[in-house]
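The next block holds one structure in the form of structure tokens; read it before the comments.
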Amino acid sequence: MSSVSTYSHPKQFKLENGKKIRNLQIAYQTYGKLNANKDNVIWVCHALTANSDVLEWWSGLFGNNALFNPNDHFIICANVLGSNYGTTSPLSTNPVTGAPYYLSFPQFTVRDFVSAHQVLAMHLGIDRIKVLIGGSLGGQQAVEWSISEPSKIENLILVATNAVHSPWGIAFNESQRLAITADRTFYANQPDGGSKGLKVARSIALLSYRTYDAYGSTQVESVNEKTDNFRASSYQNYQGEKLINRFNAYSYYYLTKAMDSHNVGRNRNSIADALSLIKANTLVIGIENDVLFPISEQKYLADHIQGAEFYALHSDYGHDGFLIETNALTNIIGNFIKESSNKKIIKLQHTA
């Protein structure tokens with residue numbers, strides 16, 4: 001297994017907006033060993049509230065007996081800027097004041113996530129990534145990285161994500177932030193500030209992660225006599241409590257803002273032109289009944305990334321299917337990796 005490592009960046013880290021962070025810390029975990037050719041790197045970009053332990057939250061796709069396993073691959077997952085699992089975040093100490101940042105933390109973007117992880121990759125001596133993979137917010141990071149360093153990524157796997165965050169997605173995030181900021185303790189600058197608001201935010205988010213059918217199959221009542229205390233109500237409360245026990249409102253607030261910032265066309269000619277810069281063999285997977293990232297967004301990615309393959313996956317769980325349907329993902333991604341390897345062999349034979 002692996003434990004969390006921390007990279008301390010010796011220089012000031014400049015954000016996209018021009019502001020700088022001193023003493024940047026990046027938490028990450030690695031599994032397996034880097035081979036002599038340094039060509040077995042699997043880099044995972046995590047979603048909104050995940051940590052760097054990919055074997056924990058993407059179990060089935062990653063693990064000792066999984067498609068991506070430490071025996072064959074060197075797996076890396078780094079915690080994003082602003083998250084509270086070891087990377088510099090609003091709860092970190094501001095070296096200027098000696099107190100936690102809280103709401104004085106500078107705003108950051110998905111591109112800043114990528115820039116930080118590029119710094120980490122350089123520190124680890126990695127100049128080539130065999131597979132870059134991410135779902136949801138992780139997919140936004142992966143597509144941005146593949147545009148900014150196209151020659152570094154050999155295979156790109158994007159799951160339930162997009163090229164630009166939609167007005168629909170931004171509206172969901174803003175509704176969650178409204179819930180957080182309605183909690184007066186959010187402005188108290190204390191570690192558990194905004195916890196009640198965060199619980200509500202999580203309840204709102206779940207409605208975009210799941211589907212009508214998912215709730216209908218898992219939260220349906222077994223009797224007709226109930227007038228209160230429904231299973232669906234208990235579920236929303238339970239999930240909200242789970243999140244506030246492992247996360248904080250300040251990180252959540254900033255991370256949703258970063259997700260809203262995602263637009264690969266920013267300061268480039270266009271979204272389509274930006275996607276055309278990607279050189280990696282690309283697989284795009286969409287979930288047919290995804291409410292938050294509709295499948296049309298994945299089709300757009302596949303249509304504008306040269307040579308990209310597209311696969312539509314059905315899941316009763318909607319958007320959360322990218323974390324749950326690991327058997328289906330293993331088959332889809334496994335076949336893609338085999339095809340990619342065969343293409344590489346043929347290409348080398350022709351070159352010879």
Side-chain angles (χ1 to χ4, degrees), residues 15 17 19 21 25 27 46-51 57 79-94 96-110 112-113 136-138 140 165-210 215 219 228-262 291-293 318-320 323:
L15 299 169
N17 61 17
K19 295 183 179 180
I21 294 177
Q25 306 283 305
H46 71 71
L48 186 64
T49 64
N51 55 29
W57 55 261
N79 190 223
V80 296
L81 178 68
S83 182
N84 64 284
Y85 288 112
T87 296
T88 301
S89 76
L91 294 190
S92 300
T93 299
N94 182 341
V96 176
T97 65
Y101 284 99
Y102 295 115
L103 292 173
S104 68
F105 199 75
Q107 186 63 54
F108 50 85
T109 67
V110 169
D112 293 321
F113 293 159
S136 194
L137 175 63
Q140 294 177 336
H165 208 48
S166 67
W168 175 249
I170 293 170
F172 261 112
N173 284 341
E174 181 64 17
S175 297
Q176 294 171 63
R177 290 190 295 269
L178 287 171
I180 290 172
T181 55
D183 182 345
R184 292 182 183 179
T185 65
F186 182 65
Y187 299 101
N189 286 344
Q190 57 192 38
D192 61 348
S195 291
K196 290 182 179 179
L198 179 59
K199 180 177 178 179
V200 179
R202 185 62 165 181
S203 182
I204 294 169
L206 279 170
L207 300 179
S208 68
Y209 298 159
R210 297 294 175 92
Y215 276 84
Q219 306 305 321
D228 200 359
N229 299 318
F230 295 102
R231 291 184 64 183
S233 300
S234 298
Y235 180 74
Q236 297 301 98
N237 276 279
Y238 168 71
Q239 292 295 340
E241 287 291 334
K242 273 183 64 177
L243 185 67
I244 65 175
N245 287 332
R246 67 176 179 87
F247 218 69
N248 74 83
Y250 302 100
S251 286
Y252 197 91
Y253 181 91
Y254 275 89
L255 291 172
T256 57
K257 285 275 191 179
M259 178 179 274
D260 290 353
S261 78
H262 177 59
V291 175
L292 185 57
F293 288 79
H319 182 65
D320 268 357
L323 293 170

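Just so it is clear, the values below take in all heavy atoms, side chains as well, and ignore hydrogens, waters and symmetry mates.
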Item checked: side-chain contact (heavy atoms from CB on, under 4.5 Å) between I21 and L81, intermediate numbers included -> CA-CA 11 Å; I21 294 177; L81 178 68; 4.0 Å; yes
Check: Looking only at heavy atoms, which two atoms of L198 and N248 are closest? And how far apart?
Finding: CD2-C, 3.7 Å
Check: How close do S83 and S89 get, heavy atom to heavy atom, and via which atoms?
Finding: O-CB, 3.2 Å
Next item on the list: Taking all heavy atoms of A179 and all of A201, pick out the closest pair and write down the distance.
Entry: CB-N, 4.1 Å
Notebook entry, point to check: Which distance, rounded to the nearest 0.5 Å, do you find between the NE2 of H319 and the CG of L206?
Noted result: 11.5 Å
Margin query: Using a 3.5 Å distance criterion without hydrogens, assess whether the side chain of T93 forms a donor-acceptor pair with backbone atoms of G98.
Written below: no
Next item on the list: Would you check if the side chain of D112 reaches a backbone N or O of L15 as a donor-acceptor pair within less than 3.5 Å?
Entry: no
Margin query: Test side-chain contact (heavy atoms from CB on, under 4.5 Å) on M259 and V110; report intermediate values, then the result.
Written below: CA-CA 6 Å; M259 178 179 274; V110 169; 5.5 Å; no
Notebook entry, point to check: Just by distance, with hydrogens left out, do R210 and Y235 show a side-chain donor and acceptor under 3.5 Å apart?
Noted result: yes
Next item on the list: Over all heavy atoms of both residues, which pair between A249 and G193 is shortest? Give the atoms and the distance, please.
Entry: CB-O, 3.3 Å
Checklist line | Exam field: side chain N17 to backbone Q107, donor-acceptor pair closer than 3.5 Å | finding: yes
Check: Would H46 and N79 count as having a side-chain donor-acceptor pair, cut-off 3.5 Å?
Finding: yes
Next item on the list: Ignoring hydrogens and angles, state whether a donor on the side chain of H165 or S261 is under 3.5 Å from an acceptor on the partner side chain.
Entry: no
Notebook entry, point to check: Taking S136 for the side chain and G138 for the main chain, is one N or O donor matched with an acceptor at less than 3.5 Å?
Noted result: no
Item checked: Residues, nucleotides or ligands: over 12 heavy atoms within 6.0 Å of K196 NZ -> no
Notebook entry, point to check: What distance separates K242 NZ from N237 CG, expressed to the nearest 0.5 Å?
Noted result: 14.0 Å
Next item on the list: Go through the side-chain N and O atoms of Q190 and Y102 and say whether any donor and acceptor fall under 3.5 Å apart.
Entry: no
Margin query: I need the single residue from Y101, F186, F105 that forms a ring pair (Phe, Tyr, Trp, His ring centres under 6.0 Å) with Y250. Which is it?
Written below: F186
Check: Between R246 (side chain) and T49 (backbone), is there a donor-acceptor pair under 3.5 Å?
Finding: yes
Check: Hey, is the main chain of S203 close enough, under 3.5 Å, to the side chain of Q236 for a donor-acceptor pair?
Finding: yes
Margin query: Rounded at 0.5 Å granularity, tell me how far CD in E174 sits from CD1 in I180.
Written below: 10.0 Å
Next item on the list: Compare every heavy atom of S166 with every heavy atom of G169, then report the nearest pair and how far apart it is.
Entry: N-OG, 2.9 Å
Next item on the list: Say whether, by atom type as modelled, one donor and one acceptor occur between the side chain of Q176 and the main chain of F172 under 3.5 angstrom.
Entry: yes
Next item on the list: Hey, could you give me the CZ/OG1 distance between F113 and T87, rounded to the nearest 0.5 Å?
Entry: 10.0 Å
Next item on the list: Give a yes or no answer on whether the side chain of W57 reaches the backbone of N51 with a donor-acceptor pair at less than 3.5 Å.
Entry: yes
Margin query: Once rounded to the nearest 0.5 Å, what's the spacing between atom OH of Y252 and atom CZ of R177?
Written below: 10.0 Å
Check: Does the side chain of T88 come within less than 4.5 Å of F108's, by heavy atoms?
Finding: no
Item checked: Point-to-point distance, once rounded to the nearest 0.5 Å, from OG1 of T185 to CG of D192 -> 6.5 Å
Notebook entry, point to check: After noting the C-alpha distance and the side-chain angles of N173 and Y253, does the key distance pass the side-chain contact (heavy atoms from CB on, under 4.5 Å) rule?
Noted result: CA-CA 9 Å; N173 284 341; Y253 181 91; over 6 Å; no
Check: S92 versus P100: any side-chain heavy-atom pair under 4.5 Å?
Finding: no
